[in-house]
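Note that the numbering runs from 1 along the sequence shown for the chain.
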Amino acid sequence: MSKSNWMGSDEATRQAFQRATELNVSGAGSELLQKFINRTVQMLTLREFGVQAVLDRRAGSGDAEYINQRTAGTTGGEWVADSTAATSEVGSYAQASFAYKTLLTRGKITRKLQATGRSYADVLGLEMMAKAEDFSNALEGGLVLGNLYSAVANQPAGFLTQINSYASQAQVISCATQGSLTADELDQAIDLVKGSANRSDLVIVGSYASLRQVNAIMQAQQVFNDVTEIAAGFRVRTYDGIPLVVSTQMPDDMAHTAGLITGAGGTARGLMVLNKRYCYIPELTPTTVMPLAKSSSQFDEFDMYWDGAAVIANPIGASMIVGV
């Protein structure tokens, strides 16, 4: 009669298991079974970089992105008799600048950690990838918020900051009832944006919570929730043909007065409507990883940096709803 190989193991392994169980039944597992570690490192973050995903990145130069802007004259023309001379009228010109700012971080991995984890993964490469996600999150925050709540000289003016400053262009509207966005209010915000008739140029950016309000509008009106494909092959929902893009840096805690954001600590959410023809990201230096020269045998270091700005070239090329 043959012996049953119920463990699927060789004779020596079965005997070792038998001896361990006879001597110490409760400790058999810890003595004989090797610890298994899943090779996938779980990143304990929930991040969506919508602004970086949809807006164009353009090569920059110099110390800033300079934009010439023209304000139209008051009449544009006059209806006159055939003997009346024309009245001189010209528009006024101004130049806006968007200074390039630098985002910088440093990673550091000890020699011992790399040696310990050599059989598990390339620890230095893993940390670089994880650090890149952290870096992109900080960059998204600068592009979206940047100086919205407090002026920091080394930080760019984010898209929300710029729209909030365009009070004279009335590019910010507030919901009549906070937390209850209506289709009419969303349509008004869209209509405020230059070139909004061409829906393919627009994008609506919000947090998960604020975009759920848009979904509620479409469900109430029984509007089909269509999808479209944006950069990198991502498929997202649309409102009236406009992509709805999530950015986890869009705040849900804004305080506002008369439609303008006054600071954090409130309960208001917001939505941005951006025309990609006028809203873009000029980069003096794209995101770069630079290994540093070793200054010690104990660790390896690398820097990660980016130089650029957030640009709304035309003040009426974007709008915002507060109190969503």
Could you see if [X] belongs to whatever hydrophobic cluster contains [Y]? Use Ile, Leu, Val, Met, Phe, Trp, Tyr and a side-chain cutoff under 4.5 Å.
| X | Y | result |
| --- | --- | --- |
| Val289 | Phe135 | yes |
| Leu145 | Phe49 | no |
| Leu292 | Met128 | no |
| Leu143 | Met304 | yes |
| Phe98 | Leu103 | no |

Q: Verify side-chain hydrogen bond (donor to acceptor under 3.5 Å, both in side chains) between Gln219 and Asn215, making sure each step is shown before the conclusion.
A: CA-CA 6 Å; Gln219 292 171 5; Asn215 286 336; 5.9 Å; no
Side chains of [X] and [Y], heavy atoms from C-beta outward: is any pair under 4.5 Å?
| X | Y | value |
| --- | --- | --- |
| Ile204 | Ile242 | yes |
| Ser174 | His256 | yes |
| Tyr149 | Val152 | no |
| Gln95 | Ile67 | no |
| Asp240 | Ile190 | no |

Any luck finding a side-chain donor-acceptor pair between [X] and [Y] under 3.5 Å?
| X | Y | result |
| --- | --- | --- |
| Gln69 | Asn314 | no |
| Glu140 | Gln52 | yes |
| Thr161 | Asn147 | no |
| Glu133 | Asn137 | no |
| Gln213 | Ser210 | no |
| Asp187 | Tyr239 | yes |

Shortest non-hydrogen contact from [X] to [Y]?
| X | Y | result |
| --- | --- | --- |
| Val214 | Leu186 | CG1-CD2, 4.0 Å |
| Pro243 | Leu202 | CD-O, 3.3 Å |
| Ile163 | Gln171 | CG2-O, 4.0 Å |
| Tyr278 | Gly317 | CD1-CA, 3.8 Å |
| Asp191 | Ser196 | CA-OG, 3.9 Å |
| Gly142 | Pro156 | O-CG, 3.8 Å |

Q: Mind checking side-chain hydrogen bond (donor to acceptor under 3.5 Å, both in side chains) for Ser200 and listing every partner two or more places apart, or none if nothing turns up?
A: Asn198
Q) Checking side chain to side chain contact (heavy atoms under 4.5 Å, CB included) for the pair Leu244/Val236: CA distance, chi angles, key distance, verdict? A) CA-CA 6 Å; Leu244 303 173; Val236 297; 5.8 Å; no
[atom2] on [Y] to [atom1] on [X], rounded to 0.5 Å:
| X | Y | atom1 | atom2 | answer |
| --- | --- | --- | --- | --- |
| Leu113 | Glu127 | CG | CD | 9.0 Å |
| Gln249 | Leu139 | CD | CG | 9.5 Å |
| Ile321 | Leu271 | CD1 | CG | 5.0 Å |
| Ser207 | Arg212 | OG | CZ | 7.5 Å |
| Leu274 | Cys279 | CG | SG | 4.5 Å |
| Met320 | Leu192 | CE | CG | 11.5 Å |

Q) Just one of Ile173, Leu160, Val172, Leu260 clears the side chain to side chain contact (heavy atoms under 4.5 Å, CB included) bar with Val322, so which one? A)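 Of Ile173, Leu160, Val172, Leu260, side chain to side chain contact (heavy atoms under 4.5 Å, CB included) with Val322 is met by Val172 alone.
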**Q.** Results of salt bridge (charged side-chain N to carboxylate O under 4.0 Å, His left out) for Arg58 - residues two or more places apart only
**A.**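 Salt bridge (charged side-chain N to carboxylate O under 4.0 Å, His left out) check on Arg58 returns nothing, list empty.
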Q: Could you pull out all residues at least two apart from Val246 that satisfy side chain to side chain contact (heavy atoms under 4.5 Å, CB included)?
A: Glu48, Tyr208, Leu211
Donor-acceptor contacts under 3.5 Å from residues 305-313 side chains, at least two apart:
| residue | atom | partner | partner atom | Å |
| --- | --- | --- | --- | --- |
| Trp306 | NE1 | Glu283 | OE2 | 2.8 |
| Asp307 | OD1 | Thr102 | OG1 | 2.5 |
| Asp307 | OD2 | Thr285 | OG1 | 2.8 |

Q: Apply side chain to side chain contact (heavy atoms under 4.5 Å, CB included) to the pair Ile217 and Leu181, showing each step before the final yes or no.
A: CA-CA 8 Å; Ile217 291 173; Leu181 175 69; 3.7 Å; yes
**Q.** Pair Tyr93-Asn68, side chain to side chain contact (heavy atoms under 4.5 Å, CB included): steps then yes or no
**A.** CA-CA 7 Å; Tyr93 293 84; Asn68 293 321; 5.9 Å; no
Closer than 3.5 angstrom, by distance alone: can the side chain of [X] be matched with the main-chain N or O of [Y] as a donor-acceptor pair?
| X | Y | value |
| --- | --- | --- |
| Ser165 | Gln162 | yes |
| Ser296 | Phe299 | no |
| Thr75 | Glu78 | no |
| Thr288 | Pro286 | yes |

Q) Picking from Lys131, Arg106, Lys108, what satisfies salt bridge (charged side-chain N to carboxylate O under 4.0 Å, His left out) with Asp303? A)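 That would be Arg106.
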Q: Tell me, with the steps shown, if Lys276 and Asp56 meet salt bridge (Lys or Arg N to Asp or Glu O under 4.0 Å).
A: CA-CA 7 Å; Lys276 294 181 290 183; Asp56 291 341; over 6 Å; no
**Q.** Arg277 atom CZ: more than 12 heavy-atom contacts under 6.0 Å
**A.** no
Q: List, by chain and then residue number, the residues other than Tyr100 in its hydrophobic cluster (Ile/Leu/Val/Met/Phe/Trp/Tyr, side-chain heavy atoms under 4.5 Å); write none if there are no others.
A: Leu284
Q: Dump the intermediate steps for side chain to side chain contact (heavy atoms under 4.5 Å, CB included) on Val144 and Phe159, then the final yes or no.
A: CA-CA 5 Å; Val144 173; Phe159 290 108; 5.6 Å; no
**Q.** All pairs passing side chain to side chain donor-acceptor pair (under 3.5 Å) where residues 259-270 contributes a residue, at least two apart
**A.**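 Applying side chain to side chain donor-acceptor pair (under 3.5 Å) to every pair that reaches into residues 259-270, excluding sequence neighbours, yields Gln178-Thr267.
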(Q) Do the side chains of Arg111 and Asp300 get close enough for a salt bridge, i.e. N-O under 4.0 angstrom? (A)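 No.
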